[in-house]
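Since the structure comes first, as structure tokens, the remarks are kept for the end.
Each chain gets a letter, A, B and so on, in the order its sequence line appears, and its residues count up from 1.
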Amino acid sequence: MSVTHTHAAAPPVPTLDVERIREDFPILAQEVNGHPLAYLDNAATSQKPTAVIDTLRHYYERDNANVHRGLHELSRRATDAYEAARATVAGWIGAPAPSELIFTRGTTEAINLVASSWGEANLAPGDEILLSELEHHSNLIPWQLVAKKTGAVLRYLSLDDDGRLILDDLPGILGGGRVRIVAIAHVSNSLGTINPVAEIARQAREAGALVAVDGAQGAAHHPVDVEKLGADFFAFSAHKMCGPTGIGALWVRGEILERMPPYQGGGEMIDLVGKHESTWAALPHKFEAGTPNIAGAIGMAAAVEYLRTIGPEAILRHEQDLVGYALDALGDSPGVRLFGPPEPSERAGVVSFRMAEAHPHDISTVLDREGIAIRAGHHCAQLVMQRFEVGATARASFYLYNTKEEVDRLVRGLDTVRSIFGGD
Amino acid sequence: MPGVPDVQLSSLYQQLILEHYKKPRNRGALEDKTVEVHMRNPACGDEIKLQMKVEDDIIRDLRFLGDGCSISQASVSMMTSMLKDRPLDDAIALARRFTEMMHGDPEAAKDRSLKDLRALQGVSKFPIRVKCALLGFDALQQAVLQSRTATGDQESAPSEGS
Ligand SMILES: Cc1ncc(COP(=O)(O)O)c(C=O)c1O
């Protein structure tokens, strides 16, 4: 079975003016341990542009009030801004209607919402949940929990040696007729692999299964259109895409969302409350119990507006340029083992590697002394580490403000590592 | 250290540490272990499996298996090389003293009883790496605890720590 991605004569993608973009991010203009900061840990969290920081400040200085409650001017402003943010954020992923977008604490809470609300109402013993070996723990543990509660069974798509999902196994697994939901990452945070979600969703749909997409990396590093992806659920976090921490969103296809029971109970999510029974607020408020992260949602929308001025296609192209450059340079660096697909076009801005001489921790500590921030560890993807039989990797992850010069510094930093750990 | 201008780095990565990292002492499985503890640092994936043969509150032998950074592996290597034929009380005292040094106690750092382990004092300047250095000692303290609760019950199978 072959999977081809055909891009019909795509319009030219502009290149980024990175020097100008860097000026939008005040945090980048600092020294760490006596060296200019090279922030290469964007898969963990991204930095925030002035536009987002100013939006938060402006909101707290002028508009702050609770939403959907007060009848006064500030409450109206806060409510308007919060609901406008919903529309903006929904637009970022091509959601057909803002009312299908629920604000959450982030991807993790969004996936827990799907697993609890949809899962507990729809999964029966023997039903199957199809995941993959490259999932982040937040697209794994919620499903393990709901499987225990409902008697559903977890199945896994495996990874090939280059960190791609083995799609050839998909028809066989779906053909069993028991898969109710496929929960899969759009982009892997540990290897950078861009998964063929549209193809997986097409097959899942034919087999009568729903598709939940962990879009934490996707929404940040890849243009997203939930309709084109064929997703039924799409979860993502603001902090990975230039927005604040503590806010994210879940999009759910309308007809599915309408039939889902509430996730949490409390204020905001009710219509009429009685002593023993209550009725629920209209969508999406039914799924937003309690005072939401209002400033966060507004900040998330500001991040979307900011990224829009740059363009998701151009950002992805820039990341893939850097990945190609880094893969070449690291590939030439002695004793370096690279993980993930060899073609930059198959991945977003993530490069995972190990060195023969030194453990990822030690690499990270040495680089930190040179002002270079990378991540070392299992990246909340222990199944990936088990697949490649390593305990940890070092990971550099890029975003719109990173430069080839920073990649050069990373590669030179590995020489320092070698000067300490190399030899006998 | 040649080619390494950074003072903090060279104080962290002392030759003695690198030497233990590259040629760990007492690495491997212990055939006649009476206790085994498996410790993992969930934040980073470092792991150490410590095995000891304890008789009459004396550590007759100890070995470890592990996967992790230079600091975690050198620390446990040094630790094991100091505790053969030593009473459990000494093991606990060593773990205490070493922990004090890791938390920046200057007196502990001067304590000769820590021997090679003093090479690790530079780690205390890298707070995120202190956990690495302590992983083996956490395993040791667990193992001592388990040996003591198993006393008088010598036939019981080795139990697995967390
Ligand atoms: C692929 C992936 N999924 C899920 C998450 C969890 O996101 P959050 O921690 O923002 O909930 C992350 C990031 O940590 C991620 O990279």
Looking at A:Met385, A:His361, A:Gln382, which one has more heavy-atom pairs under 4.5 Å with chain B than the rest?
->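 The option with the most such pairs is A:His361.
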Would you call A:Arg375 and A:Asp41 a salt bridge, taking side-chain N to carboxylate O under 4.0 Å as the test?
->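 No, this pair does not count.
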Are B:Lys22 and B:Glu19 ion-paired here, with the side-chain N under 4.0 Å from a carboxylate O?
->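 Salt bridge absent between B:Lys22 and B:Glu19.
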Please lay out, stage by stage, how A:Arg387 and A:Glu133 fare under the test side-chain contact (heavy atoms from CB on, under 4.5 Å).
-> CA-CA 8 Å; A:Arg387 165 63 180 80; A:Glu133 284 179 348; 3.4 Å; yes
Check the angle between the aromatic planes of A:Phe421 and B:Tyr13 and answer parallel, tilted or perpendicular using the 30° and 60° thresholds.
->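 Answer is perpendicular, since the angle exceeds 60°.
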Heavy-atom contact with chain B under 4.5 Å, split by part of A:Glu370 |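 Contact with chain B involves no heavy atom of A:Glu370 at all.
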Residue part contacting chain A, namely of B:Asp46, when any heavy atom lies under 4.5 Å =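 Just the side chain, heavy atoms under 4.5 Å.
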Part of B:Ile128 within contact of chain A (heavy atom distance under 4.5 Å) =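 No part of it gets close to chain A.
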Look at atom CD of B:Glu31 and say whether more than 12 heavy atoms of other residues, nucleotides or ligands are closer to it than 6.0 Å.
->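 No, because the 6.0 Å sphere around CD of B:Glu31 holds 12 heavy atoms or fewer from other groups.
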If you draw a 6.0 Å radius around CZ in A:Arg105, do more than 12 non-hydrogen atoms from other residues or ligands fall strictly inside?
->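 No, not enclosed.
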How would you list, in number order, the residues of residues 66-102 of chain B that have a heavy atom less than 4.5 Å from chain A?
->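 Residues in range: B:Asp67, B:Gly68, B:Cys69, B:Ser70, B:Ile71.
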Could you walk me through whether A:Tyr401 and A:Asn42 pass the side-chain contact (heavy atoms from CB on, under 4.5 Å) test, one step at a time?
-> CA-CA 10 Å; A:Tyr401 36 67; A:Asn42 293 284; 2.4 Å; yes
For A:His239, does its backbone N or O pair with a side-chain atom of A:Thr45 as donor and acceptor, under 3.5 Å?
->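 Looks like yes, one N/O pair under 3.5 Å.
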